[in-house]
Amino acid sequence: MGGPFWARKDQHAWSIPKGEFSDDEDALVAARREFTEEIGTPPPSADYVLLGTFRQPSGKLITAFIAEASGFQPEEIVSNTFPMEWPKGSGTIKDFPEIDDAQWLEEAVARTKLVKGQLPIVDALVQRLAGESSQVRPQH
């Protein structure tokens, strides 16, 4: 995550791209919009599948989608920015990137980097992928 609070933090300080949407907005449309805003490029063209909705410790809900796609280059992110008073109480407003880095990570590493409230998303993804691999049968 970007911004001064998360600067120089790595362990349990990463997040998936996400944002809020209204009840009358399609969740996938909102997810694609938020991805574009936070990453700075549209999400890869792919068939997206709902992974699930996950309650965060704050009570907020995250609706996550998955897709298999190629060509996405996380090192090319160009995050949007947000204004924030910094240092706090100074009266000075500065702009900070919403995301300061993006990477493809192995599952074990992702578990150490993602904020703890988002680990159930990793669990659901791992379960989904295990289910799909068990459906693949070797040909003789």
Side-chain angles (χ1 to χ4, degrees):
M1 291 188 271
F5 178 79
W6 297 100
R8 294 179 292 283
K9 294 181 182 175
D10 191 52
Q11 195 166 22
H12 299 295
W14 289 58
S15 176
I16 64 170
K18 64 191 180 318
E20 295 183 23
F21 65 98
S22 61
D23 290 338
D24 62 343
E25 184 178 15
D26 180 82
L28 181 56
V29 170
R32 294 176 63 84
R33 178 192 69 238
E34 292 296 328
F35 184 98
T36 301
E37 287 178 7
E38 293 191 10
I39 300 295
T41 184
S45 179
D47 293 327
Y48 289 84
V49 176
L50 176 66
L51 181 61
T53 300
F54 305 87
R55 184 169 303 280
Q56 299 301 282
S58 67
K60 291 183 179 181
L61 298 174
I62 293 179
T63 302
F65 294 89
I66 57 173
E68 186 174 340
S70 61
F72 176 63
Q73 302 296 321
E75 63 275 2
E76 295 176 4
I77 64 166
V78 181
S79 178
N80 61 339
T81 60
F82 67 94
M84 179 179 170
E85 180 184 24
W86 193 258
K88 188 173 180 166
S90 69
T92 303
I93 305 295
K94 296 181 180 179
D95 285 330
F96 295 95
E98 262 192 80
I99 294 176
D100 59 10
D101 197 2
Q103 295 179 21
W104 290 115
L105 302 169
E106 294 181 13
E107 176 193 350
V109 176
R111 289 182 180 283
T112 67
K113 290 186 181 273
L114 273 176
V115 292
K116 291 178 182 178
Q118 293 179 11
L119 293 178
I121 299 170
V122 176
D123 295 337
L125 176 60
V126 168
Q127 288 176 344
R128 174 58 99 26
L129 293 174
E132 289 176 5
S133 67
S134 68
Q135 295 175 13
V136 176
R137 302 195 192 300
Q139 295 182 356
H140 296 270

Considering residues at least two apart in sequence or located in another chain, which fulfil the side-chain hydrogen bond (donor to acceptor under 3.5 Å, both in side chains) criterion with [X]?
{"X": "Thr63", "answer": "Thr53"}
{"X": "Glu37", "answer": "none"}
{"X": "Gln118", "answer": "Ser15"}

How many angstroms lie between atom [atom1] of [X] and atom [atom2] of [Y], to the nearest 0.5 angstrom?
{"X": "Leu61", "Y": "Gln56", "atom1": "CG", "atom2": "CD", "result": "8.5 Å"}
{"X": "Glu75", "Y": "Gln103", "atom1": "CD", "atom2": "CD", "result": "9.5 Å"}
{"X": "Thr92", "Y": "Trp86", "atom1": "OG1", "atom2": "CH2", "result": "12.0 Å"}

TODO: Among Ile, Leu, Val, Met, Phe, Trp and Tyr joined by side-chain contacts under 4.5 Å, find the other residues sharing a cluster with Val78 and list them by chain and number.
DONE: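 Result for Val78 is none, singleton.
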
- [ ] Starting from Phe21, walk the hydrophobic network (Ile, Leu, Val, Met, Phe, Trp, Tyr; side-chain heavy atoms closer than 4.5 Å) and list everyone else you reach, by chain and number.
- [x] none

4.5 Å side-chain heavy-atom contact, [X] and [Y]:
{"X": "Leu51", "Y": "Leu125", "result": "yes"}
{"X": "Ile39", "Y": "Ser79", "result": "no"}
{"X": "Glu85", "Y": "Ser90", "result": "yes"}
{"X": "Pro17", "Y": "Glu34", "result": "no"}

For [X], enumerate each residue passing the salt bridge (charged side-chain N to carboxylate O under 4.0 Å, His left out) test, keeping only those at least two apart in sequence or located in another chain.
{"X": "Glu76", "result": "none"}
{"X": "Glu68", "result": "none"}
{"X": "Arg111", "result": "Glu107, Asp123"}
{"X": "Lys60", "result": "Glu20"}

For the residue pair [X] and [Y], what are the closest heavy atoms and their distance?
{"X": "Thr112", "Y": "Val109", "value": "OG1-O, 2.8 Å"}
{"X": "Ile77", "Y": "Ala102", "value": "CG2-CB, 3.6 Å"}
{"X": "Pro43", "Y": "Thr36", "value": "CD-OG1, 3.3 Å"}
{"X": "Ser45", "Y": "Ala69", "value": "O-CB, 4.3 Å"}

Open item on the list: Applying side-chain contact (heavy atoms from CB on, under 4.5 Å), can you list everything that pairs with Ala110, at least two apart in sequence or on another chain?
Closed with: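 With neighbours one apart ignored, the set is Leu105.
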
- [ ] Apply side-chain contact (heavy atoms from CB on, under 4.5 Å) to Asp47 and list each qualifying residue two or more places apart in sequence or on a separate chain.
- [x] none

- [ ] Please collect all ring pair (Phe, Tyr, Trp, His ring centres under 6.0 Å) contacts where either partner lies in residues 47-75, sequence neighbours excluded, each pair once.
- [x]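 Checked against ring pair (Phe, Tyr, Trp, His ring centres under 6.0 Å) - neighbours excluded - the pairs reaching residues 47-75 are Phe35-Phe72, Phe72-Trp104.
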
Task: Main-chain N/O of Leu114 paired to His12 side chain as donor or acceptor, under 3.5 Å - done: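 Between the backbone of Leu114 and the side chain of His12 there is a qualifying donor-acceptor contact (under 3.5 Å).
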
Open item on the list: Using modelled atom types and a 3.5 Å cut-off, is there a donor and acceptor pairing between side-chain atoms of Glu98 and backbone atoms of Glu38?
Closed with: no

- [ ] Check the hydrophobic clustering (I, L, V, M, F, W, Y; side-chain heavy atoms under 4.5 Å; chains of links allowed) and say if Leu50 and Ile66 are grouped together.
- [x]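 Unlinked, Leu50 and Ile66 end up in two clusters.
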
Open item on the list: Please tell me whether Ile121 and Val49 are part of a single hydrophobic cluster in this structure, the criterion being side-chain heavy atoms less than 4.5 Å apart.
Closed with: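 In one cluster with Ile121: Val49, yes.
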
Open item on the list: Taking side chain to side chain contact (heavy atoms under 4.5 Å, CB included) as the criterion, tell me which of Val115, Ile99, Asp100, Asp101 meets it with Trp14.
Closed with: Asp101

